[in-house]
Amino acid sequence: MNTALIETIKQAHTQRFGAPPAVVAYAPGRVEILGNHTDYNEGFVLSAAIDLGVGLALSPAGGAACTVQALDIPEEISFDLPVTAPVKRPLWVNYVRGVVNKLGARGRIEPGFQATFAGDIPMGAGLSSSAALEIATALALARLYKIAVAPLELAKIGQAAENDFTGARCGLLDQISSLNGEPEALVFTDFRSLKVETVPLAAEICFLLVDTCVKHSLPGFADALRPGEVVSAYNDRRAQCERASAFFASVLDHPVTALRDVSGDEWHAFAARLDPITARRAAHIIWENARVLEATRLLRAGDVRAFGELMFQSHHSSQTNFENSCPELDFIVAQARLLPQVLGARLSGGGFGGSVVLMLDPRDADQVGQTIASAFVHKFGHTCTTRVIRPAAGARVL
Ligand code: GLA
């Protein structure tokens, strides 16, 4: 956690509202290491909370008014309680409003509050700055208004806020990862039971994140944390997975409530009866789930090379089956494939832009980052950014 960031937030809050905050909460972003779009298919994911996040300072205020200061934008917005619906602008405030609405259904949020937040997660990089804001807000509000909520409930509140107040039908991956991170470990989540385990990482492994700085967004949505075009492409993929799952439920003689319940053999037996696009979307999810289980076993056995190979396979499936990649992501993965120091590489998160995560020895990170960055600028005429990210502790009240 960036302690200077937290100090800046506290000072800005004190300066603006005339007294130090009553509560400060911090929530990290996340990186998805393996398990792409498997969360809402009740499958498996390996992820990590990262050492970049969002801090939020909070104080009580009289009356119904709530004031939220976003230091990074910078912008200040006021609204009155109760919060019942999202607003058209600015879109970022809907993450806060959504949490107020969902948490408010479990306890009393009144009178109003004053909040100040800032973060160091690059927006649009696929590192879940939106979930970090939701979770930091939910943690701080729950503490201030003395609303008892277990971590899994907090994650669901963040997800519901995002689903209903921003229109993104995201799963629970981002919120669960932000809450359950641990240093030097990956988070393994079963999204049916919602059971979370941590899997230790070997010291000779680190992750290098290469951000394409491409968002494939529509200009009108530029102020959203999650660009509008990406939201609709994401929701499309989710709908296709649901269609595939309903089809398999109708032809298989065992219960199917999600693609998690469909095996590779079953896909081979029936996929020809699906339209080709839906069949490919289902293939991505079915084999991605198998890859996560296999990779978790390999990680525990210390076979990082075979683990990395599954990351490359995951990207290939995103590129060809799920079609949630883009030329910039594909180029970075192809470059990474040429470098023997890189153990594995794949797009991380929703896709359609954002970042590639590479797995490698920390001693190779600088050299690999420079090689890829210079090939990238040569090819696309604009820069990408590279940074080593470390699995970090989960969200908390400070
Ligand atoms: C986004 C969503 C998550 C998950 C990933 C893809 O980050 O918010 O719920 O679906 O995409 O794995």
Side-chain angles (χ1 to χ4, degrees), residues 27-50 95 98 121-135 152 155-181 186-192 194 196 209 211 215-217 224-242 258-260 281 284-289 291-292 295 311 314-315 317-319 321-326 329 346-357:
R30 65 97 190 90
V31 60
E32 174 199 289
I33 304 296
L34 204 60
N36 187 246
H37 286 253
T38 46
D39 62 343
Y40 57 80
N41 288 293
E42 299 187 16
F44 310 101
V45 185
L46 278 169
S47 63
I50 59 174
Y95 295 99
I121 308 174
M123 286 186 202
L127 295 174
S128 294
S129 49
S130 50
L133 174 56
E134 291 150 21
I135 298 299
L152 185 55
K156 289 180 176 172
I157 284 167
Q159 181 199 24
E162 187 144 354
N163 289 171
D164 296 346
F165 275 64
T166 77
R169 294 187 61 215
C170 61
L172 265 173
L173 167 65
D174 309 341
Q175 296 79 5
I176 285 205
S177 309
S178 178
L179 279 156
N180 290 284
L186 295 188
V187 177
F188 169 86
T189 310
D190 175 336
F191 282 91
R192 172 159 284 166
L194 297 179
V196 174
L209 202 88
D211 180 359
K215 301 187 179 91
H216 292 293
S217 63
L225 294 184
R226 217 190 253 282
E229 187 176 295
V230 173
V231 168
S232 76
Y234 180 93
N235 290 352
D236 260 19
R237 294 300 182 279
R238 184 162 180 165
Q240 289 163 339
C241 290
E242 285 163 357
L259 284 176
R260 147 81 167 263
R281 304 297 188 251
H284 176 69
I285 302 302
I286 293 166
W287 276 277
E288 186 76 352
N289 274 330
R291 279 188 284 272
V292 176
M311 292 175 72
S314 166
H315 186 81
S317 177
S318 276
Q319 199 178 346
N321 288 327
F322 215 62
E323 295 176 282
N324 62 333
S325 188
C326 64
L329 292 167
R346 63 186 284 280
L347 72 81
S348 177
F352 313 105
S355 301
V356 169
V357 60

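One-based numbering along the sequence shown. Every number for a ligand or one of its atoms is a count from 1 in the order of the listing.
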_Asp39 N/O under 3.5 Å from ligand 1 N/O_ = yes
*Going by the angle between their ring planes, with limits at 30° and 60°, are Phe188 and Phe44 parallel, tilted or perpendicular?*
parallel
*So, does Arg238 sit close enough to ligand 1 that a heavy atom of it is under 4.0 Å from the ligand?*
no
_For a 4.5 angstrom cut-off between non-hydrogen side-chain atoms, does Val292 reach Val45?_
no
*Measure Arg237 to ligand 1 on non-hydrogen atoms and call it side chain, backbone, both or neither using the 4.0 Å cut-off.*
neither
*asked:* Under 4.0 Å from a heavy atom of Gly171: which atoms of ligand 1 are those, numbered in the order shown and with their elements?
replied: 9 (O)
_Donor-acceptor pair between Asn41 and Asn289 side chains, under 3.5 angstrom_ = no
*Taking 4.0 angstrom as the limit, do Asp236 and Arg281 come out as a salt bridge?*
no
*Do any N/O atoms on Gly349 end up under 3.5 angstrom from N/O atoms on ligand 1?*
no
*Number the atoms of ligand 1 from 1 as they appear, then name those within less than 4.0 Å of a heavy atom of Asn36, with their elements.*
12 (O)
*asked:* With a 4.0 Å cut-off on N to O distance, would you call Glu32 and Arg346 a salt bridge?
replied: yes
_Heteroatom distance test (Cys170, ligand 1): nitrogen or oxygen, under 3.5 angstrom_ = no
*Could you tell me whether some N/O pair between Asp174 and ligand 1 is separated by less than 3.5 angstrom?*
yes
*Quick one: do the Ser47 and Arg30 side chains pair a donor with an acceptor below 3.5 Å?*
no
*Please work out which of Arg169, His37, Arg30 has its closest non-hydrogen atom nearest to atom 7 (O) of ligand 1.*
Arg30
*How long is the gap from CD1 on Ile135 to OH on Tyr95, to the nearest 0.5 Å?*
13.0 Å
*Only counting residues at least two apart or in another chain, list the ones meeting side chain to side chain donor-acceptor pair (under 3.5 Å) with Thr38.*
none
*What atoms of ligand 1 come closer than 4.0 angstrom to any heavy atom of Tyr234?*
1 (C), 2 (C), 3 (C), 4 (C), 9 (O), 10 (O), 11 (O)
*Which one holds for Glu32 and ligand 1: side chain close, backbone close, both close, or neither close, with close meaning a heavy atom under 4.0 Å?*
side chain
*Which atoms of ligand 1 are found less than 4.0 Å from any heavy atom of Tyr40?*
10 (O)
